[in-house]
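Naming convention: chains lettered A, B, ... in sequence-line order (proteins, then strands); numbering from 1 in each chain.
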Amino acid sequence: MLLTKNTLLSLVLGSLLLLALGGCAAKNQEHFIGKERVLLKEHKSFQEGKFLKVAATFENEDDTEVEGMVYQIEWLDGRGIVVDQTPWTPFTIIGRQQIHVVNMANRPDVTDYRIVISTPNK
Amino acid sequence: MNTLTKLSLSTTLLISSFLISGCATGGAGMVGASSNVKYGDAKAAETVTADFGSSDLQSTAETLTQSLLESRYIAKAQQPPKVRLRSVENKTYEHIDTKAITDKIRIKLLKSGQVRFLADTANLNQVNAERDLTVSATTKTAMKAMTDSDYIITGNVRSIKKANDDIKDVYYNVSLELVDPQSGEILWADEKEIRKVTSKSSVGW
């Protein structure tokens, strides 16, 4: 009985730890320069043949404000070194709009990514 | 004595000002650090004018390379196919160096390791001259036959411009095709669309 309790407790603790770690990893993959005026709602990666593909969704939570900004994806290799970057891509997002972007690394050694969003001073 | 002290003080000030100004004009490894010329981010989004610019070149190359790498003729190939770049025609009213677009795509594709490239038609004269030189320098060298290309890449750049007193709208369309030179079949085609709006009233930014 005690063993079952302990196993259950360790399982719960383990999953909590995993969740926390997962949260940290997702946060490290986002970097804002300037004010966070747009929401990076979700982003995920998957393997497309030999290359890593990233899909991200931006959302402007404001009703009326039009936001213009640029984003860039930094491609990291297995050692965590930035080996390539996309050009800064500009986009304008009106109130309540969602924008979906998909990017693919051009190098097979890319294993991770970081999305950098830069907002100009208003 | 007093005059001497004043003189030495002013000399010291003069020398220090020279030294300070000397330091300000450049640090180690820098020339003209105080000038108006600054190095910027080469990948920055450039919106100086609505003409086809560096950002458009970079985003076009990025998008079309990704699309080409995803196509089954490249992604599912048993061996990296041999590709020759043909010219991309500029059908806009402005001067666009279309070779810059194809060169950038070629660099990206070569780095991916999924494609092999043959010399461009523009560079073939240089390659042939080198082959002739090798043959005349040493007759012992057996000349290899030139390789045929599996695919060729061609394309077009088009633009539509509209303007009134307040707004200037420019639309660019860069399209590329992957063609099998034996059959003439177009195997892959994709495009990159760019819209740029110059407005007198400030919207957004």
Side-chain angles (χ1 to χ4, degrees), chain A residues 33-35 37-38 45-56 58 60 62 64-75 77 82-95 97 99-110 113-122, chain B residues 40-48 50 52-81 100-101 104-115 169 172 190 192-199 201-205:
Chain A
I33 302 168
K35 281 189 178 175
R37 291 208 300 267
V38 71
S45 66
F46 42 93
Q47 206 69 26
E48 181 81 50
K50 288 182 181 171
F51 305 104
L52 190 75
K53 203 170 190 179
V54 172
F58 298 99
N60 185 358
D62 207 288
T64 51
E65 196 82 8
V66 178
E67 302 288 2
M69 53 199 63
V70 288
Y71 80 93
Q72 179 181 52
I73 297 179
E74 292 178 341
W75 302 112
D77 69 1
V82 178
V83 286
D84 200 8
Q85 295 151 314
T86 65
W88 286 100
T89 311
F91 67 95
T92 305
I93 179 165
I94 60 169
Q97 190 194 7
I99 286 183
H100 307 279
V101 295
V102 181
N103 263 281
M104 193 175 82
N106 297 328
R107 295 167 55 127
D109 57 342
V110 169
Y113 65 98
R114 182 163 56 222
I115 302 173
V116 188
I117 302 122
S118 170
T119 48
N121 292 325
K122 279 201 168 178
Chain B
D41 182 354
K43 295 196 171 185
E46 167 265 316
T47 50
V48 179
F52 196 87
S54 62
S55 291
D56 307 318
L57 172 72
Q58 288 169 345
S59 63
T60 302
E62 189 79 26
T63 309
L64 292 173
T65 305
Q66 286 177 16
S67 174
L68 196 54
L69 284 175
E70 279 181 287
S71 75
R72 63 191 173 101
Y73 299 98
I74 306 287
K76 301 270 165 69
Q78 296 292 321
Q79 284 187 335
I101 301 172
K104 203 153 182 57
I105 290 170
R106 177 168 54 190
I107 290 167
K108 284 182 171 292
L109 287 173
L110 276 173
K111 275 188 181 174
S112 77
Q114 300 296 99
V115 181
D169 180 271
Y172 290 103
D190 206 348
K192 168 73 180 174
E193 294 175 298
I194 297 164
R195 157 153 274 126
K196 287 171 134 181
V197 183
T198 316
S199 168
S201 58
S202 62
V203 180
W205 295 75

In terms of heavy-atom pairs under 4.5 Å with chain B, the winner among A/Gln85, A/Gln72, A/Arg107 is A/Gln85

Nearest heavy-atom approach of B/Lys111 to A/Pro108 is O-CD, 4.4 Å

Decide if atom NZ of B/Lys43 counts as having more than 12 heavy atoms of other residues, nucleotides or ligands within a radius under 6.0 Å.
yes

With chain A, the option among B/Gln58, B/Glu70, B/Lys76 that has the most non-hydrogen atom pairs under 4.5 Å is B/Glu70

Honestly, the part of B/Gln114 sitting under 4.5 Å from a heavy atom of chain A is side chain

| message | Within the supplied structure, the quantity of interest is the number of heavy atoms (other residues, nucleotides, ligands) at a distance under 6.0 Å from A/Lys53 NZ; does it exceed 12? | response | yes

More than 12 heavy atoms of other groups within 6.0 Å of B/Gln79 CD
no

inquiry  = Using only atom types and a distance under 3.5 Å, with no angle test, would you say the side chain of B/Lys108 pairs donor to acceptor with the backbone of A/Asn106?
reply    = no

Between B/Ser112 and A/Phe51 the two heavy atoms that sit nearest each other are CB-CZ, 3.9 Å

Honestly, the part of A/Asp109 sitting under 4.5 Å from a heavy atom of chain B is neither

Of the listed A/Asn103, A/Thr89, A/Ile93, A/Ile94, the one with the largest count of heavy-atom pairs under 4.5 Å with chain B is A/Asn103

For B/Gln66 and A/Val102, the nearest pair of non-hydrogen atoms, with its separation, is OE1-O, 4.2 Å

Rounding to 0.5 Å, atoms CZ (B/Arg195) and OG1 (A/Thr92) come to a distance of 12.5 Å

